[in-house]
Asks: 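Sharing a structure, written as structure tokens. Questions coming.
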2 protein chains.
Amino acid sequence: MPVTLKDVANRAGVSTSAVSRTFTDGASVSEKMRIKVETAASELGYAPNALASSLTTGRTKLIGLVSNNFHNPIFLEVFDLFTRKLQDRGLRPLLMNLSGEPDAVTAVRRLQQYSVDGVIVASSTLSPEFSKAFRDAGVPVVNSFGRFSTEPEVHVVGVDNSECGRMAGRELVRRGYTSVGLLGGPETATSTQDRFRGFSQELAKHPEITYSHTFASDYSFDAGRAEMQRLIARGNLAEAYFCGDDVLSIGALSALADAGLNVPDDIGIIGFNDMEMARWQNFNLSTIGQPIAQIIQASVELIVDMLDEPERAPEVRLFPCKMVERGTLRPLQ
Amino acid sequence: MPVTLKDVANRAGVSTSAVSRTFTDGASVSEKMRIKVETAASELGYAPNALASSLTTGRTKLIGLVSNNFHNPIFLEVFDLFTRKLQDRGLRPLLMNLSGEPDAVTAVRRLQQYSVDGVIVASSTLSPEFSKAFRDAGVPVVNSFGRFSTEPEVHVVGVDNSECGRMAGRELVRRGYTSVGLLGGPETATSTQDRFRGFSQELAKHPEITYSHTFASDYSFDAGRAEMQRLIARGNLAEAYFCGDDVLSIGALSALADAGLNVPDDIGIIGFNDMEMARWQNFNLSTIGQPIAQIIQASVELIVDMLDEPERAPEVRLFPCKMVERGTLRPLQ
DNA sequence: CGTTAGTCTGCATCCGGTTGCAAAACCGAC
DNA sequence: GTCGGTTTTGCAACCGGATGCAGACTAACG
């Protein structure tokens, strides 16, 4: 039903090649021809079929956007930025929700069926193996928010999570807390492990500070709340906690409020991510911010570069996170 | 580079048609042939190219998912459900973020270039004209969370927003408030207008109750907070407010807390949407819930039906919203 | 065992575009 | 006007796969 190349060619009284060429830039077309074709095209309302052309060019301009995290509000920001940045470059995101089917092989298959030009895996909890499955299938892939490695097998863009952990540790030390805890995300997530490691390293430098750790079952409000409730019930709370994520912190905050504990007077909380919500005055959460806009910008640039240079050696681009001071830690003395 | 039909045909020593047929169900293939082809295919790791086949079948199984709302947390739930439901039916969502380019014509063009089989417009703020642009272009379209009309020009799935407004009104009346206010979303959004109308209708039945209304600039935390701050500064607050959205309510809540006002003792708040966050104990927000899972399920079913029956007469499917009682309204006496 | 009806299979063409190649048109210089 | 060199143009083949059609094959029946 839609207008095709041939329709335009007939109308303009020229060959289909001529029409095709006026729509591919860099092709040799005379000014006269271009005008003839363009008027015919606009009279007919013609727009080239991207999928058909992909058959010969090998480019669909489709980018698979894969994620398994559709509950953490930070991901709304992530999707917003990714879709816009991709659109700006004339690419279209093909969304894949992995909550249902976390099987790498079928995921790769599915996206390959649509001949995506590249894939962005946006997740801090998926294992690196997952991204590797795409690379092995010959699909350019960037792992955003993924785990940093000195010998990366796929492109990784994100923050140095263990450095973030150290930063959180330093901040709590600086504030003079004498007992601190880590309330991490799911223990299996690589991001949790890394932040945990960094945090521990930093605390190990201060043997005078009591240090404990515990993991929530999930990066979610409920998990944060439940875990903090457990800690409260068990008694001997630390003076401050580093929570592996802002929603986790917010869950913890709710448990503390229920227990009649005041933040930051009775207990300090520092979160992670600096999601939009963290600055809401109801929470006013001190947290460690990831530069998500930069991460996403870099991810898109990387995937775009890989379209022309698929064999490019895997690269790691890490951005510094930064401490965002608000109201859930005791003031510096 | 990827394996093609021809490769499989060569390997199996059969014609390409045979291979094609074993991969299209309903086609006539003998058992022997099927086995021969399937082994060859799996040895080679062949998966049919969905885009190439779309050329002849006219089906891409691509569904455009269009939205302009990437800030309201409810949309994370919406995207999650849409992507899953679509995936379950073998469809792939092609995401389009309209924050950048709210121009209907180019949006239609862009999606047509990818020959999407259908489009779901998920927005309560886009004008109905927007969805109509797709219909006019011959693309099946469903407007989810859209405006209800007795003579729909496109399929609409959602709630009856004016009935929701009435429900909120009834609830506040029932609780014995003698002065109430509406703190709506952006005045231009159809959803705001409808909820406003319903709410006003209900209040009109009770002339003894003082009633006022005001609109926030946006369905966002900041807008809700700012608007409530304005109301507080102006003096003579109503005893309870119906906020056009949960984040708006949460913004309002933060302004009230700052002003030292207690909810629900000093003032009542009822929100709208029942997003995940509403039940977080920090907020414990009484609200009117939209059955988003049902809405999305119905939207997907509708779009699937339209694939086979594109000329199907526009239909409206409305689901009842329901009052979710939590802690931000005074108890019934 | 010969027929006949029904089932499979391969050929060829087409879907909407792209592109290498060679012929045609153009251009300026002589 | 002719010539040589550039552009521009159309032809035809191809991208990966679907499908109508006719011939080949199979099975059932008399």
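Chain A is the first sequence line, chain B the second, and so forth, proteins listed ahead of strands; every chain is numbered from 1. This one's a predicted model, so the numbers in the text were calculated from it and none came from an experiment.
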Asks: Measure from CZ on B:R34 to P on C:dT7 and round the result to the nearest Å.
Replies: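 Those two atoms, CZ and P, are 16 Å apart.
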Asks: Nearest to the side chain of A:K6, which nucleotide is it out of D:dG16, C:dC15, C:dT18?
Replies: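 Nearest to the side-chain atoms of A:K6, counting from C-beta on, is C:dC15.
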Asks: Tell me what B:V29 touches on the nucleic acid: a base, only sugar-phosphate, or nothing, going by heavy atoms under 4.0 Å.
Replies: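 Sugar-phosphate only.
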Asks: Round to a whole Å and report the spacing from OH of B:Y114 to P of C:dG16.
Replies: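 Checked: the OH to P distance equals 18 Å.
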Asks: Report yes if a side-chain nitrogen or oxygen of B:T56 is closer than 4.0 Å to either non-bridging phosphate oxygen (OP1 or OP2) of C:dC15; otherwise report no.
Replies: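 Answer no for this pair, as no side-chain N or O of B:T56 is under 4.0 Å from OP1 or OP2.
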Asks: Does a side chain donor of either A:S124 or A:Y219 reach within less than 3.5 Å of an acceptor in the other side chain?
Replies: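 Side-chain D/A pair, A:S124 to A:Y219: absent.
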Asks: In terms of the nearest nucleotide of DNA chain D, which residue is placed more toward the 5' end: A:S28 or A:T16?
Replies: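 With A:S28 and A:T16 compared, the 5'-side residue is A:S28.
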Asks: Tell me the closest heavy-atom pair linking B:K36 and B:A12, and the distance in Å.
Replies: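 Closest approach of B:K36 to B:A12, heavy atoms only: CD-O, 3.9 Å.
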Asks: If we ignore angles and hydrogens, is there a donor and acceptor under 3.5 Å between the side chains of B:Q87 and A:R110?
Replies: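 There is no such pair (donor and acceptor under 3.5 Å, judged by atom type) between the side chains of B:Q87 and A:R110.
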Asks: Of all the choices, D:dA18, C:dG16, D:dG20, which nucleotide is nearest to the side chain of B:T24 once you look at every atom?
Replies: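 It is D:dA18.
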Asks: At 4.0 Å (heavy atoms only), tell me whether A:S20 reaches a base, stays on the sugar-phosphate, or touches nothing.
Replies: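 If one applies the 4.0 Å heavy-atom cut-off, A:S20 turns out to touch a base.
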Asks: Which is true for A:S17 with a 4.0 Å heavy-atom rule: it touches a base, it touches only sugar-phosphate, or it touches nothing?
Replies: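 Since a base atom lies under 4.0 Å of A:S17, the category is base.
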Asks: Just by distance, no angles: are the side chains of A:S123 and A:N68 close enough, under 3.5 Å, to form a donor-acceptor pair?
Replies: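 There is such a pair (donor and acceptor under 3.5 Å, judged by atom type) between the side chains of A:S123 and A:N68.
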Asks: Separation of B:L51 atom CG from C:dT18 atom P, in whole Å?
Replies: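 After rounding, the gap between these two atoms is 14 Å.
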Asks: Does B:T4 reach a base, just sugar-phosphate, or nothing at all? Heavy atoms under 4.0 Å.
Replies: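 Touches sugar-phosphate only.
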Asks: In whole Å, what is the span from the CG atom of B:N10 to the P atom of D:dG16?
Replies: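 So the CG-P distance, B:N10 to D:dG16, works out to 13 Å.
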Asks: Distance check needed: D:dT19 P versus B:L55 CG, whole Å only.
Replies: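 Going from B:L55 (CG) to D:dT19 (P), I get 12 Å.
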Asks: Relative to the 5' end of DNA chain D, which residue comes earlier, A:K32 or B:A18, by the nucleotide with the nearest heavy atom?
Replies: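 It is A:K32 whose nearest nucleotide is closer to the 5' end.
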Asks: Rounded to the Å, how far apart are B:L5 CG and C:dC14 P?
Replies: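 It is 19 Å, rounded to the nearest whole Å.
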Asks: Could you tell me how far apart B:M33 (CE) and D:dA24 (P) are, to the nearest whole angstrom?
Replies: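 Result: 16 Å.
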Asks: Less than 4.5 Å apart, any side-chain heavy atom of B:S67 and any of B:F75?
Replies: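 In short, these two side chains touch, coming nearer than 4.5 Å.
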Asks: Would you kindly give the CZ-to-P distance between A:R59 and D:dC15, to the nearest whole Å?
Replies: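 Atom CZ in A:R59 sits about 18 Å away from atom P in D:dC15.
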Asks: Closest approach to the side chain of A:S30, judged atom by atom: which nucleotide of C:dG10, C:dC15, D:dT9 is it?
Replies: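 Side chain of A:S30 sits closest to D:dT9.
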Asks: Kindly point out which of C:dT19, D:dG17, D:dT19 is positioned nearest to the side chain of B:T57?
Replies: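 Given the options C:dT19, D:dG17, D:dT19, the side chain of B:T57 is closest to D:dT19.
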Asks: Of all the choices, D:dC11, D:dG20, C:dG17, which nucleotide is nearest to the side chain of B:R21 once you look at every atom?
Replies: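 Minimum distance to the B:R21 side chain belongs to D:dG20.
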